2 protein chains.
Amino acid sequence: MTKQKIASAPSIRRLPSYLHIIRLFQREGEEYISGTFIGQKLNLDPIQVRKDLGITGVAGKPKKGYPVEELISAIECFLGWNRTRNAVLVGVGNLGSALLGYQELKRHGLNILAAFDKNPEKTGGTVHGTPVLSVDAMETEILRLGVTTAILTIPSSFAQEIADILIKAGIRGIWNFTNVKLKVPDGVMVQKEDISSGYAMFCIMLHD
Amino acid sequence: MTKQKIASAPSIRRLPSYLHIIRLFQREGEEYISGTFIGQKLNLDPIQVRKDLGITGVAGKPKKGYPVEELISAIECFLGWNRTRNAVLVGVGNLGSALLGYQELKRHGLNILAAFDKNPEKTGGTVHGTPVLSVDAMETEILRLGVTTAILTIPSSFAQEIADILIKAGIRGIWNFTNVKLKVPDGVMVQKEDISSGYAMFCIMLHD
């Protein structure tokens, strides 16, 4: 698919906020939405909006705008949010628990089948409906579930060690919330989501 | 300070991971750390490492590398992490609670003096040691505390409304975890931290 190749990271990152605005508009029963309107809502130039939405393959109609239903489907399809993505989560601390309860990710198809923690006090029960198992059972359980996606919310000092086990168990995509740059073999994808990096940007921006 | 002007966002975002690696190295009692070593640990080109660290104003010495203590201080000073930054947090849901308990942010000087929520069941007590108050008391309390930084972890539908109150109460920097692009007057800074955007990138990257 050449479309995905030309999509820039900032454009992809903006798609969820477009989806959010378009869905609110859909609830009001509107059939078409203009790039200008979306731009106003998101403080973005309409040219940028049209460029970003172009990556989904849907074109706006002159004077009418984008067909709402079709645009929602196209964004969801582009992001793969129109289907369920099974995953496991490792590290049921504050952030891990927050992600297990994060409704928006569920709405986008993320289905966390099991969570793992090394603390015996945390295992055996459920958090936000997801069973929490011992990290000792992780490899076996991931193989049994056939899951290939994992979310890593453990302390950084264990990140590489746990990632190695995950990869051994067949994990091919890791959403990494630790501040460790993981070493992974070819064919394994890592998306780093470092809140400290965001905080660094915030602090620099405040320049106080 | 012209140094900050030439620092690119990706360079700033990498500083926390440098700090992490250098601190681990410091614990082993080493006095100097090489750009090559840091690069190996983070899978980054040493040239990139030297360029990024250059924004802190510390130069490496030939054959020795960077002085560890000085480099840590310089990164912390550059990011303003060598001093306390008072803040309030609005929205004590899963993500808000996680951030209240996030030790790494505390280590980087973030001091959340009070949290606010509209749910009476959540107010009156503390979460991870931070008092949770009613959102009705927010404006008065922020003015009383003299805080100018706020963290927004509320549902998106209330984001603009709450931001307006925060700004009225004197908030000048908002770390925004909602997926709403806030409309704010000149002089108010917003850093958006959208987990859905990260999830969008993750899904595209997996291309499965």
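Each chain gets a letter, A, B and so on, in the order the sequences are listed, and its residues count up from 1. Being a predicted model, the structure only gives us computed values, none of them experimental.
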If you tally heavy-atom pairs under 4.5 Å between each of B:Leu95, B:Leu44, B:Leu110, B:Leu105 and chain A, the highest tally belongs to B:Leu110
Relative to chain A, which segment of B:Glu76 carries a heavy atom at a distance below 4.5 Å: side chain, backbone, both, or neither?
->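 Neither part, no heavy atoms under 4.5 Å.
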Where does B:Lys183 contact chain A at under 4.5 Å (heavy atoms): side chain, backbone, both or neither?
-> both
Applying a criterion of heavy atom separation less than 4.5 Å, what residues of residues 14-28 of chain A form contacts with chain B?
->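 Those residues of residues 14-28 of chain A which have a heavy atom under 4.5 Å from chain B are A:Pro16, A:Ser17, A:His20.
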CZ (B:Phe202) and NE2 (A:His108) are apart, to the nearest 0.5 Å, by 14.5 Å
Heavy-atom closest pair, residues [X] and [Y]:
| X | Y | value |
| --- | --- | --- |
| B:Arg13 | A:Ser197 | O-OG, 2.7 Å |
| B:Arg172 | A:Leu206 | O-CD2, 4.4 Å |
| A:Ala9 | B:Met201 | CB-CE, 3.7 Å |
| B:Trp81 | A:Cys203 | NE1-SG, 3.3 Å |
| B:Leu182 | A:Asn43 | O-ND2, 3.6 Å |

With a 4.5 Å cut-off on heavy-atom pairs, point out which of [options] contacts chain B the most.
| options | value |
| --- | --- |
| A:Gln103, A:Met189, A:Gln160 | A:Met189 |
| A:Ile174, A:Leu100, A:Asn179, A:Leu99 | A:Asn179 |
| A:Gly96, A:Gly109, A:Ser196, A:Gly93 | A:Ser196 |

Mind checking whether A:Trp175 and B:Tyr199 have parallel, tilted or perpendicular rings, split at 30° and 60°?
-> tilted
Are side-chain heavy atoms of B:His128 and A:Asn94 found at a separation under 4.5 Å?
->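 Yes, their side chains come closer than 4.5 Å.
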Trace of the side chain to side chain contact (heavy atoms under 4.5 Å, CB included) decision for B:Ile195 with A:Glu104 = CA-CA 9 Å; B:Ile195 288 173; A:Glu104 197 165 326; over 6 Å; no
What part of A:Ile151 lies closer than 4.5 angstrom to a heavy atom of chain B: side chain, backbone, both or neither?
-> neither
Just wondering, are more than 12 heavy atoms of other shown residues or ligands nearer than 6.0 Å to NZ in B:Lys106?
->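 More than 12 heavy atoms, drawn from other residues, nucleotides or ligands, come within 6.0 Å of this atom.
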Could you tell me whether A:Lys41 atom NZ has more than 12 heavy atoms of other residues or ligands within 6.0 Å of it?
-> no
